[in-house]
Amino acid sequence: MAEALPAGRFPAFLSSHKTLFTVLWISAFGSVFLWQRDIVGAGFSMFGRAWPGRTMSEGRAFEFNMTDFGGVGDGVTDNTAAFERAVLEISKLGKKGGARLNVPPGKWLTAPFNLTSHMTLFLAEDAEILGIQDENRWPLMPPLPSYGYGRERRGPRYGSLIHGQNLTDVVITGNNGSINGQGQSWWKKYRQKLLNHTRGPLVQIMWSNDIVIANITLRDSPFWTFHPYDCKNVTVRNVTILAPVFEAPNTDGIDPDSCEDVVIEDCYISVGDDAIAIKSGWDQYGIAYGRPSRNILIRNLIVRSMVSAGISIGSEMSGGVSNVTVENVLVWSSRRAVRIKTAAGRGGYVRDITYRNLTFNDARVGIVVKTDYNEHPDLDFDKNALPILENISFTGVHGEGVRVPVRIHGSEGIPVRKVTFRDMNVGITYKKKHIFQCAFVQGRVIGTIFPAPCENLDIYDENERLVKLSTAQNVTDIDYGI
């Protein structure tokens with residue numbers, strides 16, 4: 001099962017980074033269990049633009065309880081019809097501000113159900129929504145248009161436990177109640193190749209805007225945990241996401257997919273795949289759909305991924321990914337810390353990506369850029385659709401127990417351009433050379449960093465004056481045997 005972070009592992013390497021320690025330890029562990037705080041005022045500035053503050057609709061005009069609709073939270077009774085009746089009633093109140101549906105303490109077994117606009121789903125402390133494990137109770141839906149024939153299997157896919165399409169003003173919150181997908185049976189059947197369709201996420205909201213998820217726990221999803229698809233104005237705050245770190249395939253934590261204006265903050269995520277993966281469609285289907293993921297802020301997180309990465313971009317990024325800031329993040333006990341993954345055939349771009357104040361503790365590889373992630377929906381992809389990777393900066397990267405701090409694997413067709421490193425000091429566990437690995441990379445190092453950078457990068461002093469111009473940008477120094 002997913003493990004809690006040992007408190008004793010923090011002080012030794014975070015004591016010299018007071019800002020990160022304060023923000024992560026207090027915000028991500030303390031406030032994750034506190035009541036929702038409103039964002040008020042004019043908003044905050046990011047990427048040179050002002051974003052509106054996102055607030056939860058605290059003052060719904062109407063309020064209902066699951067028991068009003070015949071619900072029974074005994075872990076045995078099927079509450080699908082009760083949820084459906086409740087949502088139907090709330091759907092009639094949209095012009096009056098909507099309503100809040102309270103889920104009291106108890107275990108509320110249900111098949112998948114849909115949300116409606118202007119709705120707050122509120123899970124009390126010790127309330128747990130449980131997904132029915134029989135896949136025959138999970139409806140089939142068309143494949144996502146930006147993924148072609150299907151993500152795991154061709155044809156229809158299973159819907160999510162909690163689903164919504166074409167909605168506005170939806171809040172899923174509570175007093176740290178839980179939504180539990182009971183994914184164990186799904187994972188087993190997937191490994192045994194007994195499923196005929198792509199597994200469904202735990203929560204999926206599509207073609208919607210003004211979505212807030214806060215102050216709850218999401219756990220044991222059959223597939224990706226929270227998947228906002230082609231949405232705008234999405235906030236995830238003070239959320240804990242858990243799945244076993246092994247044998248829980250593809251249980252990504254949060255996957256913003258072709259989404260715009262997203263904030264993910266103050267969360268703890270420990271799952272069986274990427275903690276966060278920013279996506280925008282797969283190969284020719286994503287290129288044709290043409291919806292980028294952009295204007296995304298990820299901050300104040302503690303994440304863990306033993307089989308994949310803490311924070312990923314891609315590999316499905318064919319619609320483009322831009323204007324992303326990742327800051328104040330601790331990645332612990334993970335295979336990779338932060339990763340950008342793509343391949344020929346993806347097309348699209350990853351540009352204007354800022355990483356600030358990252359701490360790695362016990363990671364096999366710290367920073368990864370991989371351009372040969374050759375997984376494709378079919379054989380009809382365009383091999384000449386080459387992604388563009390540019391304007392990626394890393395500032396304030398620290399940690400210990402990292403085997404390979406940097407591996408940027410560009411290629412002749414997909415070079416990585418305009419990469420910047422500044423203020424980096426990562427303690428290593430591997431004493432041989434080739435621990436700062438590069439291939440087809442152009443960029444610069446400002447000031448002194450540790451470990452010493454690859455020869456592909458230009459060297460500047462602390463005042464950003466050129467010291468040494470690289471003549472070896474296309475040199476390859478990648479060693480996957482380390």
Counting C-beta onward and ignoring hydrogens, is there a side-chain heavy-atom pair between Leu330 and Leu301 closer than 4.5 Å? no
Decide yes or no for Leu167 and Trp207: does some side-chain heavy atom of the first lie under 4.5 Å from some side-chain heavy atom of the second? no
Under 3.5 Å: donor-acceptor pair, side chain of Ser305, backbone of Asp273: yes
For Tyr147, run the side chain to side chain donor-acceptor pair (under 3.5 Å) check against Asp283, Thr198, Asp257 and tell me which one passes. Asp257
For Gln204 and His227 the tightest heavy-atom approach is NE2-ND1, 2.8 Å
Between the side chains of Asn209 and Asn233, is a donor N or O closer than 3.5 angstrom to an acceptor N or O? no
Expected output: side-chain Asn463 to main-chain Arg465 donor-acceptor under 3.5 Å: no
Would Gln182 and Asp220 count as a side-chain hydrogen bond (donor to acceptor under 3.5 Å, both in side chains) here? Give the steps. CA-CA 5 Å; Gln182 301 200 102; Asp220 293 345; over 6 Å; no
Side chains of Val236 and Val263 in contact at under 4.5 Å (non-hydrogen atoms): no
Any chance you could lay out the side-chain contact (heavy atoms from CB on, under 4.5 Å) test for Val404 and Arg364, step after step, and finish with the verdict? CA-CA 6 Å; Val404 178; Arg364 183 178 178 86; over 6 Å; no
Donor-acceptor pair, distance only, cut-off 3.5 Å: does the side chain of Ser160 make one with the backbone of Ile162? yes
Within a strict 4.5 Å, meaning less than it, do heavy atoms of the Val368 and Ser312 side chains meet? no
Go through it in stages, so that I can follow the logic: the residues are Met424 and Phe394, the test is side-chain contact (heavy atoms from CB on, under 4.5 Å), and I'd like the CA-CA distance, side-chain angles, deciding distance and then a yes or no. CA-CA 8 Å; Met424 177 175 176; Phe394 300 89; over 6 Å; no
Which atoms form the tightest heavy-atom contact between Ser318 and Ser280, and what is the distance? N-OG, 3.6 Å
Just to verify, what does Pro249 make a side chain to side chain contact (heavy atoms under 4.5 Å, CB included) with, not counting sequence neighbours? Trp187, Tyr190, Arg191, Arg199
More than 12 heavy atoms of other residues, nucleotides or ligands under 6.0 Å from NZ of Lys418: yes or no? no
Could you report the tightest heavy-atom contact between Trp138 and Pro201, atom names first, then the distance? CZ3-O, 4.0 Å
Lys279 and Asp255 have their tightest heavy-atom pair at CE-OD2, 3.2 Å
Using side chain to side chain donor-acceptor pair (under 3.5 Å) as the criterion, point out the one residue from His376, Arg346, Lys370 that pairs with Ser315. Arg346
So ring-ring contact (aromatic ring centres under 6.0 Å, His included) across residues 286-306, not counting sequence neighbours, yields Tyr229-Tyr289
Hey, are the side chains of Glu455 and Val475 touching, using non-hydrogen atoms and a 4.5 Å cut-off? yes
One thing to verify: whether Lys189 and Glu135 come together as a salt bridge, which I'm taking to mean a side-chain N less than 4.0 angstrom from a carboxylate O. yes
When rounded to the nearest 0.5 Å, the distance separating CD1 of Ile311 from CD1 of Ile298 is 5.0 Å
Could you list the residues that satisfy disulfide bond (SG atoms under 2.5 Å apart) with Cys454, not counting sequence neighbours? Cys438
Could you check whether any side-chain heavy atom of Ile179 comes within less than 4.5 Å of a side-chain heavy atom of Leu123, counting everything from C-beta outward? yes
Is there a donor-acceptor pair under 3.5 Å between the side chain of Thr420 and the backbone N or O of Ser393? no
Is it true that Glu327 and Arg356 make a salt bridge, defined as a side-chain N closer than 4.0 Å to a carboxylate O? yes
Using a 3.5 Å distance criterion without hydrogens, assess whether the side chain of Arg291 forms a donor-acceptor pair with backbone atoms of Ser146. no
About how many Å separate CD1 of Ile302 and CG of Asn328, when rounded to the nearest 0.5 Å? 11.0 Å
For Ile340, run the side-chain contact (heavy atoms from CB on, under 4.5 Å) check against Ile392, Val416, Ile367, Thr371 and tell me which one passes. Ile392
Polar contact flag, side-chain donor to acceptor under 3.5 angstrom, Asp378-Tyr285: yes
Asn456 side chain to Gln473 backbone, donor-acceptor under 3.5 Å: yes
Answer with yes or no whether the side chains of Asn215 and Asn176 bring together a donor and an acceptor at under 3.5 Å. no
At what distance, to the nearest 0.5 angstrom, does CG of Asn323 lie from CD of Glu260? 9.5 Å
Scan side-chain atoms only and decide if Asn474 and Gln442 contain a donor-acceptor pair under the 3.5 Å cut-off. no
Taking Ser470 for its side chain and Ala472 for its backbone only, find out whether a donor-acceptor pair lies under 3.5 Å. yes
For the pair Leu389 and Val369, evaluate side-chain contact (heavy atoms from CB on, under 4.5 Å) and give the outcome as yes or no after the intermediate values. CA-CA 9 Å; Leu389 307 181; Val369 179; 3.9 Å; yes
Pair Leu242-Val271, side-chain contact (heavy atoms from CB on, under 4.5 Å): steps then yes or no: CA-CA 5 Å; Leu242 303 172; Val271 289; 5.9 Å; no
When the ring centroid of Phe381 is compared with that of Trp282, is the distance short of 6.0 Å? no
Backbone of Leu202 reached by a side-chain donor or acceptor of Ser221 within 3.5 Å: yes
is_close_aromatic(Tyr460, Phe421), centroid dist under 6.0 Å: no
Heavy atoms of Gln165 and Met141 approach each other most closely as OE1-CE, 3.0 Å
Can you tell me how far CG of Asp210 sits from CD1 of Ile205, rounded to the nearest 0.5 angstrom? 12.5 Å
Side chain of Asp274, backbone of Ile276: donor and acceptor closer than 3.5 Å? no
4.5 Å side-chain heavy-atom contact, Ser322 and Val350: no
Where Ile449 and Asp423 come nearest, the two heavy atoms and their spacing: CG2-N, 4.1 Å
Ile478: what forms a side chain to side chain contact (heavy atoms under 4.5 Å, CB included) with it, not counting sequence neighbours? Arg407, His409, Gln437, Ala439, Thr476, Tyr480
Taking only residues two or more places apart in sequence, or in another chain, which ones meet Arg151 in a salt bridge (Lys or Arg N to Asp or Glu O under 4.0 Å)? Glu316, Glu375
CG-OH distance between Asn196 and Tyr158, expressed to the nearest 0.5 angstrom: 6.5 Å
Within residues 437-448 or reaching into it, pairs that qualify as salt bridge (charged side-chain N to carboxylate O under 4.0 Å, His left out) - sequence neighbours excluded: Arg444-Glu464
Can a side-chain donor-acceptor contact be found between Asn300 and Glu265 if the only test is distance below 3.5 angstrom? no
Within the structure provided, determine whether Arg351 and Ile388 are in side-chain contact (heavy-atom separation under 4.5 Å). yes
Arg237 side-chain N/O to Ile213 backbone N/O, donor-acceptor pair under 3.5 Å: no
